[in-house]
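Taking it in order: structure first as structure tokens, then the write-up.
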Number of protein chains: 2
Amino acid sequence: MSLHKTTIKDIAKELGISVATVSRALTGSHEVQEETREMVLRKAKELNYRPNIQARNLLKNRTNIIGVIVPEFVSFFFPEIIIGIQEVANREDYQVLICQSNETSDLERKNIEMLESSRVEGIIVSVTKESKNEPVFERLLNEQMPLVFINRVLPDLIADKVIIDDRKWAFKAVEHLIKCGYRRIAHLGGNEKLAVSANRLQGYLDAHRHYGLDVHPNLIMNLGVQQERASLGVNYLLSLKVKPDAVFCVNDPVAVGCMLELKKRGLKVPEDIAVVGFSESPIGRIMELTSVSQPTYEMGRVAAGKLLEQIKGNCKPAETVVLDAKLNIRNSSLPVHKRTQK
Amino acid sequence: MSLHKTTIKDIAKELGISVATVSRALTGSHEVQEETREMVLRKAKELNYRPNIQARNLLKNRTNIIGVIVPEFVSFFFPEIIIGIQEVANREDYQVLICQSNETSDLERKNIEMLESSRVEGIIVSVTKESKNEPVFERLLNEQMPLVFINRVLPDLIADKVIIDDRKWAFKAVEHLIKCGYRRIAHLGGNEKLAVSANRLQGYLDAHRHYGLDVHPNLIMNLGVQQERASLGVNYLLSLKVKPDAVFCVNDPVAVGCMLELKKRGLKVPEDIAVVGFSESPIGRIMELTSVSQPTYEMGRVAAGKLLEQIKGNCKPAETVVLDAKLNIRNSSLPVHKRTQK
DNA sequence: TTTATTTACGTAAACGTTTACATTGTTTGT
DNA sequence: ACAAACAATGTAAACGTTTACGTAAATAAA
């Protein structure tokens, strides 16, 4: 019941041999007598020896840990990405240190510094909106810290990135609304400084341009990516003389908030207003919300794969992996002529 | 652009002083001249020095890491607990290594061993259903590994536990149904071997006993804790000659699955059948599901607090902290006489 | 036999810190 | 003036490993 954890020295002393021999026996070196090895292994088991990874890592100057920074992980989205990351990392004996930046630039920076102090061998990050940490990431890149951006990226940085084509899929989502017969499509956008938001807005504009529809600036609002922000937007939209007949939302939470507010106001989806989200969510699925689904697990796996490659020193030039997505059409965006049949 | 990370030695060499002085300056020791300290701090910043935590920990024989094992973290519940844990842990400079056992006993054991090898200083765990690892946890306790069970516990083990009184709150939930006028209340239970499930079933039985209601064994089914399992139960319940007028579900996912299946079958909640869940969830809230809310963040904080106490060697006897919960009444369980008004 | 090679093991340095102890130079007390 | 106390710094050991190097004995080659 000693609080002392068995070390290699204890084994050596008990057997009257040197620590070097014990180490060799344990690491499976060939330069140790079979007889000796067995003796060591037996004693190690007897003393319930566990190698001290810290000491080994200090010597080899590694930690076998990678860091992950996400804005939050209460919504399904980032947890799924993290699971994908863990899957690949664990397979290669890496542990994953998970941090959440809580959507604040400041905590993001602190997390980075903490991960550096923990001597993680690489970092996978999904930046906060309004990340003011571009210089920090630049420093990391300069210092050759393996780094992969996922989902939310900094467009100006030359680094590995794993994303979907937000612009393209936003286009497809809005195109779907247009083809369904909707003509006054509003957009509840996220934060302009967030690349994903900006790109989805672009896709929205692209679709209008492509199908010759006028863009009404007063139908476009950038309120944020959180569910609660939606009511504000809905209230405004419903106050207009000419109301929109559909809303394309920057993500599912906002779309859900939008649907809830509409319901509260006594409006039916899609009969009065159609709604489309982005990124899929269990709640959205249940509410029959049309949305673009991202391959979350796969994104995590790919990001971890690229990070481990960087760590192993395969110094390929920075690459942006664009994964495929999918538009899932549900009842929240029925074609105008089919709506009454519902 | 060197791959070499700045060490205390580099600073010492550049300034022509000893590593001891540098160390003292950095750790805020009083026995160093103010002038020297400033010099060191300036140089440290210039060279972007980050202390190597591994080396420090090796010396002090600690890691400043605690491990957390949860069954899963895609649903809101465990992420919230984890955030609470991180909050307290980070405040005390501890990192959190998060593992998911994926509801399998085997992966749970592997995670434990992995955390041991990583020399975590303590473990917070929510066991899998049918955890066969009681002997493993017993060993950990014997070896004085700080350990706190949270939410899902092993009743026979003497250890720190952070829970709510599942039996009591299940009683309250069912009592609420009874007071609303429901008389044939079914129970979609979880796994019998899972303490939380067993306790919630007991609460269900208690309420029946307390209010003199007969228990109909064929209205009680233990199908599991996942949403998908609910349809099976609903199908069976609806096949009975005398159908239930309410369902008390072991948790929100099952309750949601239950509501969806009822909807699919053309039945209205609560007009045809009332539904009550447990543990709260965003989806449940949106579906207006009556449920018991647990203080997830607080549970995490308390568990982390207790673990850190254990780590610091405050060897109190094992204690079970029972936190308060709350029954949130929503439309899924309207009083029978009010239902038509809806 | 003598020399070269191999085998099995020991010695000691190294990783980046912290800290007990030693060593200065300076101040205080008598 | 001299001992005592103190302040600021240096020296070196320690944490638990791995591994380059050295060494002795045993074996193979000459």
Side-chain angles (χ1 to χ4, degrees), chain A residues 2-41 43-44 47-65 93 113-121 143, chain B residues 2-41 43-44 47-65 93 116-121:
Chain A
S2 71
L3 288 173
H4 170 77
K5 300 239 176 186
T6 307
T7 74
I8 220 173
K9 286 185 188 171
D10 301 320
I11 299 179
K13 194 181 291 175
E14 286 229 13
L15 296 177
I17 60 180
S18 77
V19 290
T21 305
V22 175
S23 174
R24 282 189 274 254
L26 291 171
T27 52
S29 160
H30 54 284
E31 43 178 331
V32 71
Q33 217 172 357
E34 201 48 46
E35 203 177 293
T36 314
R37 154 166 298 128
E38 279 169 21
M39 189 172 70
V40 169
L41 291 181
K43 184 58 82 178
L47 298 180
N48 197 29
Y49 169 78
R50 295 280 148 77
N52 185 325
I53 295 191
Q54 290 201 100
R56 181 185 298 164
N57 287 346
L58 175 60
L59 193 66
K60 302 208 165 179
N61 200 25
R62 34 185 305 190
T63 55
N64 269 47
I65 299 180
D93 272 330
E113 283 167 7
M114 186 273 292
L115 290 176
E116 284 186 278
S117 284
S118 295
R119 287 290 197 275
V120 296
E121 294 181 41
E143 290 171 357
Chain B
S2 69
L3 288 174
H4 169 78
K5 300 240 176 184
T6 307
T7 75
I8 219 172
K9 287 184 189 172
D10 301 321
I11 299 179
K13 195 181 290 176
E14 286 229 12
L15 296 176
I17 59 180
S18 76
V19 290
T21 305
V22 176
S23 174
R24 281 189 275 253
L26 291 171
T27 53
S29 160
H30 55 283
E31 44 178 330
V32 71
Q33 216 172 357
E34 200 48 44
E35 203 177 295
T36 313
R37 154 165 302 126
E38 278 169 22
M39 189 174 72
V40 169
L41 291 181
K43 184 57 83 177
L47 298 180
N48 197 31
Y49 169 77
R50 294 286 143 78
N52 185 326
I53 295 192
Q54 291 201 99
R56 180 186 300 165
N57 287 345
L58 174 60
L59 194 65
K60 304 209 165 176
N61 199 26
R62 31 188 308 191
T63 55
N64 269 47
I65 300 181
D93 272 331
E116 284 187 278
S117 285
S118 296
R119 286 285 199 279
V120 296
E121 293 181 40

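Here is how names work: the chains are called A, B, and so on, in the same order as the sequence lines, proteins then strands, and each is numbered from 1.
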In this structure, how many angstroms lie between the [atom2] atom of [N] and the [atom1] atom of [X], rounded?
X       : N      : atom1 : atom2 : result
A:Glu31 : C:dT5  : CD    : P     : 18 Å
B:Gln54 : C:dA14 : CD    : C1'   : 15 Å
B:Asn57 : D:dT17 : CG    : C1'   : 15 Å
B:Leu15 : D:dA8  : CG    : C1'   : 16 Å
B:Asn61 : C:dT19 : CG    : C1'   : 16 Å
B:Asp10 : C:dT17 : CG    : C1'   : 13 Å
B:Leu47 : C:dG16 : CG    : C1'   : 15 Å
A:His30 : D:dT19 : NE2   : C1'   : 12 Å

Using heavy atoms to find the nearest nucleotide of DNA chain D for B:Leu59 and B:Ser18 separately, return the residue whose nucleotide is more 5′. B:Ser18

Comparing A:Thr6 and B:Arg24 on DNA chain D - which has the more 5′ nearest nucleotide: B:Arg24

Measuring to OP1 and OP2 of [N], would you say a side-chain N or O of [X] lies under 4.0 angstrom away?
X       : N      : value
B:Thr21 : D:dG10 : yes
A:Ser23 : D:dT17 : no
A:Lys9  : D:dC15 : yes
B:Arg56 : C:dG16 : no
A:Gln33 : C:dC9  : yes

For [X], answer base if it contacts any base atom (sugar-phosphate contacts may also be present), sugar-phosphate if it contacts only those atoms, and nothing otherwise; contact means non-hydrogen atoms under 4.0 Å.
X       : result
A:Asn52 : sugar-phosphate
A:Arg62 : nothing
A:Thr27 : sugar-phosphate
A:Ile53 : nothing
A:Thr7  : sugar-phosphate

By nearest atom, which of the nucleotides [options] is closest to the [X] side chain?
X       : options                : result
B:Val19 : C:dT18, C:dA12, D:dC15 : C:dT18
B:Lys60 : C:dT19, D:dT9, C:dT17  : C:dT19
B:Val32 : D:dT9, D:dT17, C:dT11  : D:dT9
A:Ala20 : C:dT11, C:dT18, D:dT17 : C:dT11

Side chain proximity check, A:His4 to A:Asp10, heavy atoms < 4.5 angstrom: yes

Compare every heavy atom of [Y] with every heavy atom of [X], then report the nearest pair and how far apart it is.
X       : Y        : result
A:Ala55 : B:Leu58  : CB-CD1, 3.9 Å
B:Thr63 : B:Val120 : OG1-CA, 3.9 Å
B:Gln54 : A:Arg62  : NE2-O, 3.2 Å
B:Arg37 : B:Ala25  : NE-O, 3.3 Å
B:Tyr49 : B:Ile8   : CE1-N, 3.7 Å

Degree of bending, the helix from C:dT1-D:dA30 to C:dT30-D:dA1 (end axes from five pairs; round to 10°): 60°

Could you tell me the separation between the OG1 atom of A:Thr7 and the NZ atom of A:Lys13, rounded to the nearest 0.5 Å? 8.0 Å

Polar pair under 3.5 Å, donor/acceptor by atom type, side chain B:Arg119, base D:dG16: no

Can a donor-acceptor pair be found, under 3.5 Å and without considering hydrogens, that links the side chain of B:Arg50 to the backbone of A:Arg119? no

Whether A:Thr27 side chain and A:Ser23 backbone form a donor-acceptor pair below 3.5 Å: yes

